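Everything quoted here is computed from the prediction, not taken from an experiment. So you know, we letter chains A, B, ... as the sequences are listed, proteins then strands, and number each from 1.
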Number of protein chains: 2
Amino acid sequence: MSLSQSIQPDDDVLVVRPGKWTLIIVTLLRAETLRFSEIKRHAGGISQKMLTTTLRDLERDGFVTRKIFATIPPRVDYELTQLGQELLELADSWRVFAARNRVQVEAARRQFDAAGGEPVIRFIRPA
Amino acid sequence: MSLSQSIQPDDDVLVVRPGKWTLIIVTLLRAETLRFSEIKRHAGGISQKMLTTTLRDLERDGFVTRKIFATIPPRVDYELTQLGQELLELADSWRVFAARNRVQVEAARRQFDAAGGEPVIRFIRPA
DNA sequence: CCGCATCCATTTTGATACTG
DNA sequence: CAGTATCAAAATGGATGCGG
């Protein structure tokens with residue numbers, strides 16, 4: 001049955017985190033361990049709260065490790081785990097897909113909006 | 001530079017975010033054209049409003065076509081476009097990833113919660 | 001420097017009722 | 001049956017101040 005191959009609502013792992021920051025952060029950590037402040041600087045306008053929350057969720061799910069250095073001032077390093085590397089591949093798939101199809105999607109949007117949101121195909125009289 | 005390979009906040013095409021309902025619906029349409037009510041029945045608890053909204057967004061972006069039959073009662077068929085098929089492949093990547101790693105992620109969560117949210121690694125006196 | 005707590009604005013989602 | 005409208009509820013995002 002085809003439905004067995006459909007995603008189900010309770011597939012919690014799928015919704016890694018319904019926010020725009022998760023994949024951004026994962027891709028930032030692709031090559032190197034980064035400090036909290038470094039991620040914040042590169043992530044482009046994320047608030048401290050959202051960064052903390054997102055990183056904590058990623059840690060909780062086993063995608064990143066957190067290393068705390070009890071120095072003054074404090075220092076916290078984040079790094080992808082093996083599982084995190086796999087999530088990174090997924091994020092990359094999305095990134096590549098977006099790059100490849102952005103123009104086409106934007107064209108489709110313009111056409112749809114220009115048509116006033118009317119469907120492309122409309123049958124008037126089929127029994 | 002590694003940052004050029006990071007996802008940026010303004011990557012609008014990423015607007016098709018791994019959101020809950022979007023990928024569910026796309027995977028439901030993998031093999032066949034489905035009516036509105038059929039999707040609703042199989043999607044598992046989606047509200048009529050969310051289904052309408054999600055489908056309209058998918059149509060606007062060019063991922064599905066909408067065929068309206070002006071019969072009584074009305075009938076509307078949804079089908080993946082070529083671009084939608086590519087999105088389906090992406091959705092499948094997520095589905096497979098979730099299926100493969102669900103157990104591991106759930107274990108990580110339990111461990112994290114059991115430890116009271118403490119990080120796995122903590123250095124007390126470095127430098 | 002890191003990040004938690006609190007308060008508040010915005011966004012998203014759901015429940016319900018109604019229309020063609 | 002498909003879709004809209006309205007209202008209520010929940011999740012999310014940001015700002016600020018405090019603490020280790």
Side-chain angles (χ1 to χ4, degrees), chain A residues 9-10 12 15-25 33-60 64-79 112 116-119 121-127, chain B residues 9-10 12 15-25 33-60 64-79 112 116-119 121-127:
Chain A
D10 54 352
D12 273 359
V15 183
V16 176
R17 178 82 181 157
K20 64 179 179 180
W21 297 117
T22 300
L23 296 188
I24 291 176
I25 291 173
T33 296
L34 289 180
R35 301 184 57 174
F36 183 90
S37 52
E38 293 174 321
I39 300 175
K40 185 170 192 306
R41 191 167 343 113
H42 292 306
I46 190 175
S47 69
Q48 192 175 40
K49 175 187 176 181
M50 286 311 302
L51 181 53
T52 298
T53 306
T54 306
L55 283 170
R56 208 49 38 85
D57 286 341
L58 284 171
E59 184 194 5
R60 187 171 104 101
V64 306
T65 56
R66 175 163 57 132
K67 294 186 183 178
I68 297 183
F69 298 86
T71 53
I72 296 176
R75 168 191 181 136
V76 183
D77 285 356
Y78 292 91
E79 187 175 15
F112 183 88
E118 283 304 300
I121 304 168
R122 179 183 289 273
F123 295 89
I124 300 296
R125 178 76 208 56
Chain B
D10 54 353
D12 269 1
V15 153
V16 186
R17 268 180 290 168
K20 189 176 175 181
W21 298 118
T22 300
L23 297 189
I24 291 175
I25 291 172
T33 296
L34 289 180
R35 300 184 57 172
F36 183 91
S37 55
E38 292 174 321
I39 300 174
K40 185 170 192 309
R41 192 168 341 114
H42 293 307
I46 190 174
S47 66
Q48 193 174 31
K49 175 184 174 180
M50 284 309 301
L51 181 52
T52 298
T53 305
T54 306
L55 283 170
R56 208 51 39 86
D57 287 342
L58 284 171
E59 184 196 3
R60 188 172 103 101
V64 306
T65 56
R66 176 164 56 131
K67 294 186 185 179
I68 299 184
F69 298 85
T71 52
I72 297 177
R75 167 191 184 134
V76 182
D77 286 356
Y78 292 91
E79 186 174 16
F112 183 90
E118 283 305 301
I121 304 168
R122 179 183 290 272
F123 295 90
I124 300 296
R125 176 74 209 58

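One interatomic measurement links the two molecules: CE of A:Met50 to C1' of C:dG3, which rounds to 14 Å at whole-angstrom precision. The separation between B:Asp77 atom CG and D:dG3 atom P is 10 Å, rounded to whole Å. Counting to the nearest Å, the P atom of D:dT12 and the CG atom of A:Leu51 are 16 Å from each other. Atom CG in B:Leu55 sits roughly 16 Å away from atom P in D:dC1 (whole-Å rounding). Atom NZ of A:Lys67 and atom C1' of C:dG3 are 20 Å apart (whole Å). For A:Glu38 and C:dC1, the CD to C1' distance is 12 Å, given to the nearest whole Å. In this structure, CD1 of B:Ile39 is placed 12 Å from C1' of D:dA2, rounded to the nearest angstrom. A:Glu59 places its CD atom 9 Å from the P atom of C:dG3, with the value rounded to the nearest Å.
Considering B:Leu55, B:Leu34, B:Leu58 in turn, B:Leu55 is the only one that fulfils the side chain to side chain contact (heavy atoms under 4.5 Å, CB included) rule with B:Tyr78.
Heavy-atom distances to DNA chain D give each of B:Pro73 and A:Ile46 a nearest nucleotide, and the one nearer the 5′ end belongs to B:Pro73. Ranked by how close their nearest DNA chain D nucleotide is to the 5' end, B:Arg35 and B:Thr52 are led by B:Arg35.
Here the straight-line distance linking atom CE of A:Met50 with atom OG of A:Ser47 works out to 6.0 Å at 0.5 Å rounding. Rounding to the nearest 0.5 angstrom, the gap separating the CG atom in A:Leu51 from the CD1 atom in A:Ile46 is 4.5 Å. Atom-to-atom distance recorded for A:Arg41:CZ and A:Phe36:CZ is 12.0 Å, nearest 0.5 angstrom. Rounded to the nearest 0.5 angstrom, A:Thr54 OG1 and A:Ile24 CD1 are separated by 9.5 Å.
For B:Arg56, whose side chain is taken as the heavy atoms from C-beta onward, the closest listed nucleotide among C:dC4, C:dG14, D:dT4 is D:dT4.
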*Once each nucleotide of nucleotides 15-20 of chain D is scored for protein heavy atoms under 4.0 Å, what B/S/- sequence comes out, 5' to 3'?*
B----B
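Legend: residues meeting side chain to side chain contact (heavy atoms under 4.5 Å, CB included) with A:Asp77, ordered by chain and number and at least two apart, are A:Thr33, A:Arg35, A:Lys67, A:Phe69, A:Arg75. With sequence neighbours left out, A:Arg56 forms a salt bridge (Lys or Arg N to Asp or Glu O under 4.0 Å) with A:Glu59.
Side-chain N/O atoms of A:Tyr78 include one lying less than 4.0 angstrom from OP1 or OP2 on C:dG3. OP1 or OP2 of C:dC2 has at least one side-chain nitrogen or oxygen of A:Ser37 nearer than 4.0 Å. Phosphate proximity of D:dG3 to B:Arg66: present, with a side-chain N or O under 4.0 Å from OP1 or OP2.
B:Arg41 comes within 4.0 angstrom of no nucleic acid atom, judged by non-hydrogen atoms across all strands.
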